[in-house]
Asks: 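This is the structure, below, for whatever I ask next.
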Number of protein chains: 2
Amino acid sequence: MNQSIPVRQTSSLTKSSCQHCSLSNLCLPLALDSDDMNRLDEVVNRDRIFNRGERVFTQSEPFRSCFAVKSGAIKTSVITEAGDEQITGFFMPGELVGLDSMGDGIHASTAKALERTSVCEIPVEQLEHLVQTLPGLQHHMFHLMSQEIRNSQQLSVLLSKNTAEERIAALLLSLSSRFQRRRLSPTHFNLPMARNDIANFLGLAVETVSRVFTRFQNQGLIRAKGRDIELIELEALQAMAIGNSQT
Amino acid sequence: MNQSIPVRQTSSLTKSSCQHCSLSNLCLPLALDSDDMNRLDEVVNRDRIFNRGERVFTQSEPFRSCFAVKSGAIKTSVITEAGDEQITGFFMPGELVGLDSMGDGIHASTAKALERTSVCEIPVEQLEHLVQTLPGLQHHMFHLMSQEIRNSQQLSVLLSKNTAEERIAALLLSLSSRFQRRRLSPTHFNLPMARNDIANFLGLAVETVSRVFTRFQNQGLIRAKGRDIELIELEALQAMAIGNSQT
DNA sequence: AACCCTACTTGATGTAGATCAAGAGACACC
DNA sequence: GGTGTCTCTTGATCTACATCAAGTAGGGTT
């Protein structure tokens, strides 16, 4: 029943490392030169695999590690006092999950794999030590955390100011640019999450999300077949995401 | 009338310092012993005063400093691509403003004084140096920044899941507990912000905010005369803020 | 193939809160 | 004291989206 985590053999020959990771230009190593990267390498638990739906960590349990997504995708959510779930973010390869609990002993959210996902686990205690001696890494951590604040602010703006169409256009474009960062097609990709997740994240009902998708399709803005999405009219979507049509 | 804030004379004898600041148990010094506090003292520009409406910093200008509120209150906001303002937070004495731009060269938001406000300016370059040598301070910075993420997540939850009444109850209670932290009355205080600001922050129309205030008043939950607020039925407000009445 | 189960879509109706419109205080400035 | 400018309140109407209610694919299991 419990998530099985295959423990990777670390043979001295094929040992994977930040140095050779294709995501090193997006991830933590971004801030480091090759010597420092080795020191990071030493503290990272590589290749932890989670299947679809499995939890990477759970809200209100002790916070011991951050996780960098290597492949797949993760959603984070919080359980409200009223007992329902609110998705707070989607995390794609190269992105760091768990920053909302840094400096705190307890996880503020739950992270679940949206599909088969591999992550690098970074124990916080060791990360904090490392940061202490690597100014570049410290700066980068601040950068990532402030970005997380800004992302969340952006979500608030979206929720309080934008229509259903604008929210969905914005999400599609956000995903698009994140695929592009990884040198994948920005116009043709697979949604890692269900309509339900999109609805929850954007503060909408599933039915509304579904309707907007078909409306976009009828308008020729996108082509959508289940989770397979093609963005046809990027500019139109961008205009829509900006919103506030009267301006 | 605006509350008058006596401007502290800084004679060489009575020089104000983190050591003697009444907010030291809420603010950055929280993490420091007395030696380290002196080092923080050296980099802080104390007693910068802003009048109501004045900007402490402005979105998209270079980011050089964080600010700790000493007295008064500050709102931060972002300008959306559509051109309208979204308030992202209110900051009370003892709270740190500007964390959403740490590790970034540019301010992500604008901060304005809501009333006559005094702040301590903390230049980031020196703060980052200091953090490098004080592990406790580093941990505390992580803590503050992650808290900022969580605050923003909380706002998202409020915006996507809660009714107008629930949002306003939650805001009143948040202010209440922040007054309490400072050993002020948690049940009788002055709102530092206008109805308009509340509406904007909570994603509502001013009219709705006004209506909810009078409804709360009629139900005997609060007494409100302009910005003067008295919370009468704390428990009822808490129940309301939790929301989701059917559960 | 027949089954189930979940994800998704489509349609009909209801409602919280926006918007429009118009006062009513509160405060500053001459 | 009057007059303009805000801020706040109250009422009437309108609308985007939720909710309720039925389907209709997919995708796995037997």
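A, B, ... follow the sequence lines: proteins, then strands. Residue 1 opens every chain.
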Asks: By the 4.0 Å heavy-atom rule, please label B/Arg215 as base, sugar-phosphate, or nothing.
Replies: nothing
Asks: So what does B/Arg167 touch, heavy atoms closer than 4.0 Å: a base, only the sugar-phosphate, or nothing?
Replies: nothing
Asks: In whole angstrom, give the distance that lies between atom CG of A/Asn200 and atom P of C/dA7.
Replies: 13 Å
Asks: Please report, rounded to the nearest Å, how far the P atom of C/dC8 is from the CG atom of A/Asp228.
Replies: 13 Å
Asks: When the distance from CD of B/Glu165 to P of C/dT15 is rounded to whole Å, what number comes out?
Replies: 16 Å
Asks: Given D/dC8, D/dG11, C/dT10, which nucleotide is nearest the side-chain atoms of B/Arg211?
Replies: D/dG11
Asks: In whole angstroms, how far is the C1' atom of D/dC17 from the NZ atom of B/Lys161?
Replies: 15 Å
Asks: Within less than 4.0 Å of OP1 or OP2 of D/dC8, is there a side-chain N or O belonging to B/Arg227?
Replies: yes
Asks: Does the pair A/Lys161/B/Asp84 count as a salt bridge with the N-to-O cut at 4.0 Å?
Replies: no
Asks: Is there a side-chain contact between B/Lys225 and the phosphate of D/dC8, meaning an N or O under 4.0 Å from OP1 or OP2?
Replies: no
Asks: In this structure, how many angstroms lie between the P atom of C/dC8 and the CD atom of A/Gln217, rounded?
Replies: 14 Å
Asks: State whether A/Glu95 and A/Arg178 are salt-bridged, where the test is any N-O pair (Lys NZ or Arg NE/NH1/NH2 against Asp/Glu carboxylate O) under 4.0 Å.
Replies: yes
Asks: To check you understand the geometry: which heavy-atom pair defines the closest contact between A/Ser160 and B/Gly203, and what is its length?
Replies: CB-CA, 3.7 Å
Asks: What is the distance, rounded to the nearest whole Å, between atom CG of A/Asn190 and atom C1' of C/dC8?
Replies: 15 Å
Asks: Indicate whether OP1 or OP2 belonging to D/dC17 is found under 4.0 Å from a side-chain N or O atom of A/Thr208.
Replies: no
Asks: Considering every strand and a 4.0 Å limit on heavy-atom distances, what is the contact class for A/Ala194: base, sugar-phosphate, or nothing?
Replies: sugar-phosphate
Asks: Whole angstroms only, please: what is the CD-P distance between A/Glu207 and D/dA22?
Replies: 14 Å
Asks: Just to be sure I understand the rule, does A/Ala164 reach a base, reach only the sugar-phosphate, or reach nothing, if contact means heavy atoms closer than 4.0 Å?
Replies: sugar-phosphate
Asks: Look at the rings of A/Phe67 and A/Phe50 and say which category their plane angle falls in: under 30° parallel, 30 to 60° tilted, over 60° perpendicular.
Replies: perpendicular
Asks: So, is A/Thr214 close to the C/dT10 phosphate, meaning a side-chain N or O under 4.0 Å from OP1 or OP2?
Replies: yes
Asks: For C/dT9, does OP1 or OP2 lie under 4.0 Å from any side-chain N or O of A/Arg195?
Replies: yes
Asks: Quick check: closest heavy atoms across B/Gly226 and B/Arg195, and the distance to 0.1 Å?
Replies: O-NH2, 2.7 Å
Asks: In whole angstrom, what separates B/Leu202's CG from C/dA16's P?
Replies: 18 Å
